[in-house]
Amino acid sequence: MWYKPYGKTGKQISVIGSGGMRYAEPNDIDKSAAVVMRAYERGVNYFDTAPGYLDDKSEFIVGAALRQMKPGTFYTSTKTFGGNEADLRFDLDKSLKRLGVDHIDFFHIWCIITLDAWRQRCDGGAVKAAFKAKEEGLIKHVVVSSHLPGNELTSVLKEGQFEGVTLGYCAIDFPYRQEAVDAAHAMGLGVVTMNPLGGGLIPQQAQLLDFLRGPNDPSVTAAALRFNISQPAITSALVGFSTVEQVDEACDAVENFSPYPAEYIQSMRERFAPSFKGFCSGCRYCLPCPKGVGIPQMMDAYNHKLMTGKDDAVTMRLAWHWGLKPADAAACAECGVCEKRCTQQLPITQRLKEIAKLA
């Protein structure tokens, strides 16, 4: 495993991080914890989770694994959606107990998807409360998790409150946040990328996306991860492992790997950007839908139309992968709530109309 400094914190973080929201069998705590332990055995030392992931099971899974690890050999990362001191302390205390630790290494002010939401966290006292908990030794580093566009996230980071940031970034959507990645690096902040595999889309569509691979990349998954971690600005790519096999594939991709040179990274950006504009990365912040439409599943299916240009790619994906029908999209009331939440500002309502017409 290869390690990078997380900003100015003095901590060395594995370039592959373990994400906690995609375990294949979350109801089986021990089996899921074994996936986390495999990552630890392969040299991963950054373990991310959050209250609410996997119907609130994720922290229990990660905690079961952490209790098997040698103290001082791993770093914990979790989050709070709390908007005030009481809610933040509730989340923090709950996370400490579930994870079985006496402090959280990287505690995220979570789910900042609008500037108004950021101001509410400040005005409500949540950010101040996080720093108070840091003074008490319960938190080592206060960081932020955000889906803001690059320019807006940059404005938040420039307020100088955080030591690092977790943001969505991959070959599909990197132009959307490149400005924030570069700004964070210039400020000496740690940068962890979530969804480096496009929420699973990249490995799922390996054949269609084979053009991502360079001559020395063994797989599309490896190419996508290497695209992230080769960049000096990016500390770690956070992979949501479902199985032990996925752990090994990701870790093999960085084993004995020499980072791509800057010129090659730039050529990749220039090649990828036109191909992936407008893709949904599956972050699920569009939910809940007031009418119960499975928006992430619908947008995932629409990604397949974008990739193939074929309407039947949508219907096949809905039926075979999600058990849905195009007619299910017709329940959309066009309220626009999902588009306001969308981290990539996609025309969700229009796409749902297109899908419904395929019925």
Side-chain angles (χ1 to χ4, degrees), residues 17 19-22 48-53 58 77-83 106-122 126-127 142-159 161-162 164-185 189-202 228 233-240 273 276-289 295-300 302-303 336-348 351:
M21 66 178 299
R22 298 186 186 276
D48 180 81
T49 181
Y53 280 179
S58 180
S77 166
T78 192
K79 311 172 184 76
T80 179
F81 190 62
F106 298 96
F107 193 70
H108 291 75
I109 304 300
W110 185 25
C111 195
I112 303 299
I113 60 175
T114 67
L115 289 177
D116 284 344
W118 164 239
R119 293 264 62 91
Q120 289 168 9
R121 302 295 182 88
C122 293
V127 177
V142 180
V143 294
V144 63
S145 175
S146 174
H147 288 283
L148 286 170
N151 61 330
E152 294 183 359
L153 180 52
T154 296
S155 70
V156 171
L157 298 178
K158 285 186 175 180
E159 293 186 24
Q161 306 222 45
F162 300 113
V165 59
T166 297
L167 47 76
Y169 185 95
C170 70
I172 293 173
D173 64 7
F174 72 89
Y176 192 65
R177 296 189 182 87
Q178 189 65 53
E179 181 179 341
V181 170
D182 294 339
H185 184 56
L189 305 182
V191 177
V192 173
T193 57
M194 55 181 150
N195 291 325
L197 299 177
L201 178 65
I202 292 173
N228 269 249
I234 293 174
T235 310
S236 181
L238 191 61
V239 183
F276 289 123
K277 185 177 182 181
F279 271 62
C280 171
S281 62
C283 71
R284 302 177 68 85
Y285 284 103
C286 53
L287 297 178
C289 170
I295 297 172
Q297 295 93 329
M298 294 289 174
M299 294 303 102
D300 169 75
Y302 198 90
N303 281 346
V337 172
C338 57
E339 293 186 356
K340 293 178 181 178
R341 296 174 180 154
C342 180
T343 64
Q344 294 167 269
Q345 301 176 336
L346 299 179
I348 296 174
R351 292 184 178 184

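All heavy atoms count here, side chains included; hydrogens, waters and symmetry mates do not.
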Ignoring hydrogens and geometry, is there a side-chain-to-backbone donor-acceptor pair from R121 to W110 under 3.5 Å?
yes
Given the options L167, T166, N228, V192 meets side-chain contact (heavy atoms from CB on, under 4.5 Å) only with T166
N/O donor-acceptor pair under 3.5 Å between K79 side chain and T49 backbone:
yes
If only atom types and distance count, is the side chain of S146 paired as donor or acceptor with the main-chain N or O of I112 below 3.5 Å?
yes
T114 side chain to A117 backbone, donor-acceptor under 3.5 Å
yes
Salt bridge or not between R119 and E159? Use side-chain N to carboxylate O under 4.0 Å.
yes
Do E152 and H147 pass the side chain to side chain contact (heavy atoms under 4.5 Å, CB included) test, and can you show the C-alpha distance, the side-chain angles, and the key distance before you say yes or no?
CA-CA 10 Å; E152 294 183 359; H147 288 283; over 6 Å; no
In short, A237 meets T193 closest at the heavy-atom pair CA-OG1, 3.3 Å
From CZ (R351) to CE (M299), nearest 0.5 Å:
6.5 Å
Has the side chain of H108 got a donor or acceptor atom that lies under 3.5 Å from a matching backbone atom of T78?
yes
Flag, side chain of R341 to backbone of C286, donor-acceptor distance under 3.5 Å
yes
Nearest 0.5 angstrom please: W118 CH2 to C111 SG, how far?
13.5 Å
A quick test of your reading: do over 12 heavy atoms of other residues, nucleotides or ligands sit less than 6.0 Å from OH of Y53?
yes
What's the verdict on side chain to side chain contact (heavy atoms under 4.5 Å, CB included) for I348 and C342, showing C-alpha distance, side-chain angles and the deciding distance?
CA-CA 8 Å; I348 296 174; C342 180; 4.1 Å; yes
Which pair of non-hydrogen atoms, one from A171 and one from I202, has the smallest distance, and what is that distance?
CB-CD1, 4.4 Å
I need the minimum non-hydrogen distance between V191 and A184, along with the two atoms involved.
CG2-CB, 3.6 Å
Beyond-backbone contact of L153 with V165, side-chain heavy atoms, under 4.5 angstrom:
yes
Nearest heavy atoms of Q345 and P149, plus distance in Å
NE2-CG, 4.0 Å
Any side-chain donor near an acceptor of the partner, Q178 and D182, under 3.5 Å:
yes
Kindly indicate, with the supporting measurements, whether the criterion side chain to side chain contact (heavy atoms under 4.5 Å, CB included) is fulfilled by Y169 and I234.
CA-CA 10 Å; Y169 185 95; I234 293 174; 3.7 Å; yes
Given side chains that start at C-beta, do those of I109 and S145 come closer than 4.5 Å, heavy atoms only?
no
All heavy atoms of L115 vs all of S155, minimum pair found to be CD2-OG, 3.9 Å
Can you check side chain to side chain contact (heavy atoms under 4.5 Å, CB included) on L157 and L189, steps first, answer last?
CA-CA 9 Å; L157 298 178; L189 305 182; 4.1 Å; yes
Would you say N303's side chain and C280's backbone share a donor-acceptor pair under 3.5 angstrom?
yes
Would a distance-only check, ignoring hydrogens and angles, find a side-chain to backbone donor-acceptor pair under 3.5 Å from R177 to G168?
yes
Kindly say whether G17 contributes a backbone atom to a donor-acceptor pair with the side chain of S236 at under 3.5 angstrom?
yes
Quick check: closest heavy atoms across A50 and S58, and the distance to 0.1 Å?
O-CB, 4.2 Å
Which distance, rounded to the nearest 0.5 Å, do you find between the SG of C338 and the CG of L346?
9.5 Å
